[in-house]
Amino acid sequence: MNKDRNVLIFSAPSGAGKSTIVQHLLTRYDYLEFSISATSREPRGEEQNGREYFFLSKEEFESRIAAGEFVEHEEVYKGFYYGTLKSEVERIWAKGHVTLFDIDVVGGLNLKKLYGDKALAIFISPPSIETLRERLVNRGTDSPEAIEKRVAKAALEMTYADGFDMIITNDKLESSLHEAERAVETYFKR
Ligand code: 5GP
């Protein structure tokens with residue numbers, strides 16, 4: 001067991017299949033705990049406050065930035081903030097758990113810099129930009145304009161992949177899941 005290692009970071013262009021991999025790991029390893037981010041965007045579909053995100057108004061988000069309550073925060077999409085509250089990370093560590101971050105690519109790199117060897121940072125890559133577009137269309141949660149925005153952003157985000165400890169290309173889900181399991185077991189040894 002290595003208690004000095006207590007951060008697991010997942011970043012990916014949206015639609016790369018990151019959430020599926022993250023959910024799988026959370027079910028499999030009791031010592032992993034999801035860090036619930038705060039966001040100023042509206043809830044989508046079945047999302048609930050305090051489960052997928054803490055949904056804050058833009059004003060509240062800004063005042064909590066000013067109060068220094070975030071480990072990191074970013075305007076991931078224009079006009080919409082996302083960030084990790086210090087209180088959330090502390091809550092998880094206090095239980096002796098590994099904090100699992102599902103975070104955008106720039107945020108992921110910032111956290112890796114902040115936590116260094118305490119953290120394993122994994123980049124989930126779609127097999128191609130075209131596959132990514134198809135997945136977003138099939139997911140059916142975004143408008144065509146939103147999809148094009150995400151695709152353009154994804155192309156840029158792919159250029160950051162090398163800054164991560166590991167890249168998993170999510171072509172066949174089954175093998176990506178195994179690859180992620182092996183990485184977690186090797187790094188955290190719990
Ligand atoms: P979505 O709106 O699809 O839930 O998330 C949009 C993006 O924001 C995703 O790439 C997600 O990983 C990222 N994100 C979620 N939480 C955080 C956070 O706390 N900080 C940062 N920088 N990005 C986040």
Should Asp142 and Arg44 be marked as a side-chain contact (heavy atoms from CB on, under 4.5 Å) after you check the CA-CA gap, both sets of side-chain angles, and the distance that decides it? CA-CA 10 Å; Asp142 293 294; Arg44 279 200 301 252; 4.2 Å; yes
Test side-chain contact (heavy atoms from CB on, under 4.5 Å) on Leu111 and Val7; report intermediate values, then the result. CA-CA 9 Å; Leu111 288 180; Val7 174; 5.7 Å; no
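Summarising the geometry of Leu85 relative to Ala38, their closest heavy-atom pair is CD1-CB, 4.3 Å, with the distance given to 0.1 Å. What you find for Ala16 and Arg135 is that their closest heavy atoms are O-NH1, 3.0 Å. When all heavy atoms are compared, the tightest approach of Gly108 to Ser11 is CA-OG, 3.5 Å. Contact detail for Ile36 and Glu88: the closest heavy-atom pair is N-OE2, 2.9 Å. Residues His73 and Phe61 approach most closely at CB-CE2, 4.2 Å, considering heavy atoms. A pairwise comparison of heavy atoms in Thr169 and Pro127 identifies CG2-CA, 4.1 Å as the closest pair.
A salt bridge links Arg91 with Glu33; the closest basic N to acidic carboxylate O contact falls under 4.0 Å. We find that Arg64 and Glu60 are joined by a salt bridge, their nearest charged nitrogen and carboxylate oxygen being less than 4.0 Å apart. Under 4.0 Å is where a charged nitrogen must lie from a carboxylate oxygen, and between Glu179 and Arg182 no such pair does. With respect to the salt-bridge test (charged N to carboxylate O, under 4.0 angstrom), the residues Glu157 and Lys153 qualify.
Around atom CD of Glu46, no more than 12 heavy atoms belonging to other residues, nucleotides or ligands sit under 6.0 Å away. No more than 12 heavy atoms of other residues, nucleotides or ligands shown are found within 6.0 angstrom of NZ on Lys172. More than 12 heavy atoms of other shown residues, nucleotides or ligands fall within 6.0 angstrom of atom CG in Asn49.
The side-chain heavy atoms of Arg5 and Leu120, taken from C-beta on, include no pair separated by under 4.5 Å. Proximity of Ile21 to Leu177: side-chain heavy atoms (C-beta onward) are separated by under 4.5 Å at one or more points. Looking only at side-chain heavy atoms (C-beta outward), Leu109 and Phe164 come within less than 4.5 Å of each other. For the pair Leu8 and Phe188, the minimum side-chain heavy-atom distance is below 4.5 Å. Looking at Glu62 and Lys58, their side chains come closer than 4.5 Å, going by heavy atoms from C-beta outward.
With rounding to the nearest 0.5 Å, the separation of CD1 in Ile124 from CE in Met166 is 8.0 Å.
Grouping Ile, Leu, Val, Met, Phe, Trp and Tyr by side-chain contacts under 4.5 Å, direct or through others, puts Tyr53 with Phe55, Val76, Tyr77, Phe80, Tyr82.
Between Tyr115 and Trp93, the ring planes lie perpendicular to each other; the angle is over 60°, past the 30° to 60° tilted range.
No side-chain N or O of Thr39 forms a donor-acceptor pair with one of Arg41 less than 3.5 Å apart. Side-chain atoms of Thr84 and Glu72 form a donor-acceptor pair, as typed in the model, at a separation below 3.5 Å. In summary, the side chains of Glu185 and Tyr29 do present a donor paired with an acceptor at a separation below 3.5 Å, with no hydrogens or angles considered.
Under the 6.0 Å cut-off for aromatic ring centres, Phe123 and Tyr160 do not qualify, their centroids lying 6.0 Å or more apart.
Val184 pairs with exactly one of Val98, Leu100, Leu25 by the side chain to side chain contact (heavy atoms under 4.5 Å, CB included) rule, that one being Leu25.
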